[in-house]
Trainee: 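I have a structure here, written as structure tokens, and I will follow up with some questions on it.
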Amino acid sequence: MTAQTDVAAQMAIELRGIDKRFGAVHANKHIDLQVEKGTIHGIVGENGAGKSTLMSIIYGFYEADEGDILIDGKVTRITDSKIAIASGIGMVHQHFMLIQNMTALENVVLGAERGFLINESMDHARAELVRLAKEYGLDVPLDVPVERLSVGLQQRIEILKALYRGARILILDEPTGVLTPQETEHLFKVLDSLKEQGTTVMLITHKLQEIMAATDNVSVMRRGEMVAHVKTRETSREQLAELMVGRKVLLRVEKGEPNPAEKLLEVEGLTWTASDGVVKLDNVNLNVRAGEIVGIAGVSGNGQSELLDVLSGIKNVQSGTIRLNGHEINQGHQLNPSQVRDIKVGHIPEDRHKMGLINSFNADEAFILGFHRKPEYNGKIFTKRQAINRDCAEKMDKWDVRPQDPNLKTANFSGGNQQKLVIAREMEQDPDVLLVGQPTRGVDIGAIEAIHNRIIQMRDKGKAVLLVSVELEEIMSLADRILVMFDGKIVGEVPASKANEQILGLMMANIVPDEVKALQQEASA
Amino acid sequence: MEAFNSLILILDATLRVATPLIFAALAGMFSERTGIVNIALEGKILASAFAGAAAAYVTNSPWMGLLAGVMVSVVFAWMHAFATVTHNGDHVVSGMAINILAAGLTAALGNFWFKQGGNTPNLVDPFNDIDARFSPITLPFADQLADVPVIGGLYSELISGHFLLVYIALAAVPVCWWVMFRTRFGLRMRAVGENPSAVDTAGISVAGMRYLSLTICGVLAGLAGVYLSVAVTAQFLPNMSAGKGYMALAALIFGKWRPRGALLACLMFGILQAIADRSQGVSLGGFAIPVQAIEALPYVLTVVLLAGFIGKAIPPKAIGRPYVKERE
């Protein structure tokens, strides 16, 4: 009995049989978990494995249907966030919970005020934040509206918020998705110094290399179940990937040498300014040859979306020229998205929910979006429902979209299968130029493998592929040449063979390392 | 001197006309800053004007009228909260429903109770010993100073001699500013309208904040309604709010959801109205300007200004969106 109590007391958090359903979805199935005090504990799992639900239960956002949460060995009923905060739990959400037009100071004070008037709270918080900043390397400007700060700084504010409330257990939900590699490194340093001071950290992520780099222990979730608890130093990325997916996964993409031929896409001096006057694309020059994949890396929001929008005809060209598969597009001669499709250009948009699909449509209806005028889908007056349905079923089979039901609502497919549906739709038209945005965002590892292979196949068939992704690993494993964007400009170009995270990370922060400069001089000479 | 006197008279009228707008704009601010679109201001003003006049007449006390008016307005605010906060209803639909309900209910109840075609009886009726109207307040020394040049005009005419509610409206502006920017409640209120999830994760009840803010909104809108019927007109007339709720909403947007900005916008509407009232029968180059054209002026200006002359007004980010805890 004593021994058991001792074990319990060493645990910052213990979950016993946590179970949660949302209607028909069984999000968490009888989860047991022990998180040791003063460690960094990773939770991995694919999207939809139930990680976020579990964390939301610990933070009091939802209540579990069954099971107990023990904090410091004591059963605690966490019915809302207030109780979680009072129990010493702090959470850094994936989508920051900040009031954008308020300052860091106001954001920290919100909900932790010391009295009816806020002046005194502000003074107290300021002193405390200065102390925390010094102790953990968490410096942020305190009096600037949060919206003017970089995401890295905003994340620090989130951590400070939790620490200011006295968090002893810090949960971070996918904290590195929006950070440059250098920012990520700094974050891990902060987490280490927190650990040294006795704080327990739970790191939720789907990025295996970060788990390997930062954690002491790992728990793996798959389809709502906790499938393994391992010590980080006793495992490997491959083993974790296998545990996550439930079968062996190839993490490296197999591809041969590219055979670049003629330039199918050329962009010269492209500049695009948003209606609020912000220059989103600033004199962009690039080209993509047939038979190669050109990757655009960069922290999201640095003009990549606008580049894809202009190239695909969604946004008009304001200045500069685009030569796309033999057609010149400029200010006087614009093509709309359907005309761009007509010149054999495919576009897999960055956000399948906003641009790629209509969630309330059936799969077969979503499958003809953009191609709905094609003669094979249309009779004299009515659309040919059966032809569309049959065609979709056929393609679903070919592209392994599951469940293979053209009449199912798009929203009811998993992220990976929705993405496969979009990719099938675009690639089946056999485009010469393929614009690809974030092809594997929110897609499970198994599907990532399939999607990557399809993109390589397109390249090997002699298509020109422009790939925009914020996942550095993806860019490095797929692209033949890598361009990095920062603040609407192309910072520089690196051949994939010479690229590594260090170099790309610096370039994503607008610093061009000497070796890249040397490469570029070589190329121009 | 003639010009000075007319200016004083116009400014004097401005205050009178602007008072209900100020109350209503502040009411709207409390609502919209927490993310609740409030086109129901109009209905609240109308309902409280009716309740105020009816209660004042029956009890023969303006204060009971004030109480009743404010209470009815708060109940209407809670109906709006029940629809939009508790049941995540559409804010505009709920607001419209409340406006229609108020317009119909006041006329119907008025006719049923008082049999005067929807009007309430006059609140000042010496024959029946009824005197339930708020009287203007004469400030100290106003009478003595009345004949002193300039000061007399400024003090005795412009500053003194208004209804109590006018002074309350003017005082409410800095008070609301202080509440919004210097108190815990204000900080939370502004946060709810921007990012309710953040407020929720900070351990604060979003619904609680919204109910509380809408209650304050109800009180202020109630004062606007009571002012119209119990102070200015001394009687309720069907549809006497005449779009003031919408004007106040426009003033709130002009004022970029800030108390001082809203005050200035209300005063601008007030002055336009005052000028319009004084300009009736004016002719321009031998051509008599129709009264209707002058009366329409403030409204036309509202449309024109709203359409693009005020620069970018950034509304609270979460406005009009129901707050539902999202699933991953």
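Order of the sequence lines fixes the chain letters, A, B, ..., with proteins taken first and strands second; residue numbering starts at 1 for each chain. Side chains included, hydrogens not; waters and symmetry mates left out as well; all remaining heavy atoms used.
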Trainee: Using a 4.5 angstrom heavy-atom cutoff, name the option from A:N119, A:N107, A:D80, A:N101 with the most pairs to chain B.
Mentor: A:N101
Trainee: What residue in A:S56, A:A84, A:S81, A:A112 has the most heavy-atom pairs under 4.5 Å with chain B?
Mentor: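 Heavy-atom pairs under 4.5 Å are most numerous for A:S81.
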Trainee: How many angstroms lie between atom CD of A:E147 and atom CD of B:E194, to the nearest 0.5 angstrom?
Mentor: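 A:E147 CD to B:E194 CD: 8.0 Å, rounded to 0.5 Å.
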Trainee: To the nearest 0.5 Å, what is the distance between CD1 on A:I85 and OG1 on B:T201?
Mentor: 7.0 Å
Trainee: Is the shortest side-chain heavy-atom distance between A:M102 and B:R190 below 4.5 Å?
Mentor: yes
Trainee: Between B:N195 (side chain) and A:L98 (backbone), is there a donor-acceptor pair under 3.5 Å?
Mentor: yes
Trainee: Sort A:Y59 into side chain, backbone, both or neither according to what part of it lies under 4.5 angstrom from a heavy atom of chain B.
Mentor: side chain
Trainee: Where does A:L117 contact chain B at under 4.5 Å (heavy atoms): side chain, backbone, both or neither?
Mentor: both
Trainee: Measuring from A:M122:CE to B:R182:CZ, what's the distance to the nearest 0.5 Å?
Mentor: 8.5 Å
Trainee: Take atom CZ in B:R258; do more than 12 heavy atoms of anything else shown fall under 6.0 Å from it?
Mentor: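 Not more than 12 within 6.0 Å, no.
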Trainee: I'd like to check A:E113 versus B:L187 (side-chain heavy atoms, cut-off strictly below 4.5 Å). Are they in contact?
Mentor: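 Contact flag for A:E113/B:L187 side chains = yes.
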Trainee: Take a 6.0 Å sphere around CZ of B:F82 and say whether it holds more than 12 heavy atoms from other residues, nucleotides or ligands.
Mentor: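 At most 12 heavy atoms, drawn from other residues, nucleotides or ligands, come within 6.0 Å of this atom.
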Trainee: Would you name the heavy atoms of B:S197 and A:M97 that are closest together and state the gap between them?
Mentor: CB-SD, 3.5 Å
Trainee: More than 12 heavy atoms of other residues, nucleotides or ligands under 6.0 Å from NZ of A:K82: is that the case?
Mentor: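 Open.
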Trainee: Would you mind reporting whether A:I118 and B:F181 have side-chain heavy atoms less than 4.5 Å apart?
Mentor: no
